[in-house]
Amino acid sequence: MTERVTVAIVGSGPAGLTAAIYAARAELSPVVIEGEPSSTSDQPGGQLMLTTEIENFPGFVDGIMGPELMGNFRAQAERFGAGFRMTKVSRVDLSRRPFSLWTSDNRGDEPTYSADALIVATGARSLLLGVEGELGLIGHGVSTCATCDGFFFRGQDIAVVGGGDSALEEALFLTKFARSVTIIHRRDQLRASRIMQGRAFSNDKVSFLWNRVVSGLKSEGGTLTAVEVTDVGTGEREEIPMGGLFVAIGHAPNTDVFKGQLEMDDSGYIVTHPGTSLTSVEGVFAAGDVQDHRYRQAITAAGSGCQAALDLEHFLAAEAHGTRE
């Protein structure tokens, strides 16, 4: 049987859970489709479930662990009446309202949920190297966010993988904390803009390993101790002691299930109307990293989740009173 809901929220990171808090307090009885524990792209709680200590989220003077923060978000949403379903959206039909959503545990033809309004908060995933042990070392020497974790690497020798503007921005930011920063790049020249290259080349703390790929990670006691690199030309391998490794090879929004139904940019991020969470489909709103390729912070995601819930509430209220244009 299809479950009819007023508001469906897809995703349970900071954006989705903040939207759930606001929607629940507005007595809209939101249902959060939070993802599956086995998924690396849209697991319940989002990317912060892979993060250890968070020190830049306002209100936590001594910091807080990522999973604990997301547990608090979830409990607060539950307190106000938000419902949760631990499953993954596998298909949607946004061509007409109510919107239809199918989930991975649904083997039938009928949709799992029928929703009057929808908030998409499926986030984005950092592209990883795919080397053995990488996931287990995230938060223990391996990171995808210099702004989030750079402080923890004071006085250490660390490396950044990548050759674009993002990689160089990360590397330059990390020089504030690290003793040295080595940029590992698979080619013999960078893709980054000339101005960013100039800044990196002129920084005494930054050095380069050209034509190398990370082929292995070494650890002791569950913490990164060294990085193995392989020369792409000769195949020669070298182990380099490193206290940290920052992977900056790009991000990908979790929007595959919405392709062809919502307007997206060339990189697959959902396009929202400037200053709002409104998407190209009336009644569908987007929040968090799924529509933000610039900031990608927990606090900005939470803020956009608030915006999405308020936009949705105003949309439904105007419709109920016949005042929507």
Student: Would you find a donor on one side and an acceptor on the other, under 3.5 Å apart, between the side chain of Ser202 and the backbone of Arg199?
Tutor: yes
Student: Charged N to carboxylate O under 4.0 angstrom, Lys88 versus Asp105?
Tutor: no
Student: Report, as yes or no, whether the 6.0 Å neighbourhood of atom CD on Glu27 holds more than 12 heavy atoms from other residues, nucleotides or ligands.
Tutor: no
Student: Please identify which of these residues, Val5, Ile9, Thr87, meets the side-chain contact (heavy atoms from CB on, under 4.5 Å) condition with Ile33.
Tutor: Thr87
Student: Examine distances only and state if a side-chain atom of Gln291 and a backbone atom of Ile270 form a donor-acceptor pair shorter than 3.5 Å.
Tutor: no
Student: Would Ile240 end up clustered with Val131 when hydrophobic side chains under 4.5 Å apart are linked, directly or stepwise?
Tutor: yes
Student: Do other residues, nucleotides or ligands put more than 12 heavy atoms under 6.0 Å from the CZ atom of Phe57?
Tutor: yes
Student: Considering the options Val227, Val181, Thr175, which one meets the side-chain contact (heavy atoms from CB on, under 4.5 Å) requirement together with Ile158?
Tutor: Val181
Student: Set out, in order, the CA-CA distance, both residues' side-chain angles and the distance that settles side-chain contact (heavy atoms from CB on, under 4.5 Å) for Val161 and Ile249, then state yes or no.
Tutor: CA-CA 7 Å; Val161 183; Ile249 57 176; 4.0 Å; yes
Student: More than 12 non-hydrogen atoms from neighbouring residues, nucleotides or ligands closer than 6.0 Å to CZ on Phe99, yes or no?
Tutor: yes
Student: The test is salt bridge (charged side-chain N to carboxylate O under 4.0 Å, His left out); show your working for Asp165 and Arg191 and say whether it passes.
Tutor: CA-CA 7 Å; Asp165 278 351; Arg191 294 179 290 103; over 6 Å; no
Student: Counting only heavy atoms not in Arg4 (residues, nucleotides, ligands), do more than 12 fall under 6.0 Å from its CZ?
Tutor: yes
Student: Hey, which of Phe173, Phe177, Phe246 is the one that makes ring-ring contact (aromatic ring centres under 6.0 Å, His included) with Phe153?
Tutor: Phe246
Student: So, the side chain of Asn211 versus the backbone of Asp188: is there a donor-acceptor pair under 3.5 Å, distance only?
Tutor: yes
Student: Would you confirm whether Glu263, through its side chain, and Val271, through its main-chain N or O, come within 3.5 Å as a donor-acceptor pair?
Tutor: no
Student: Classify the angle between the aromatic ring planes of Phe201 and Phe208 as parallel (below 30°), tilted (30 to 60°) or perpendicular (above 60°).
Tutor: tilted
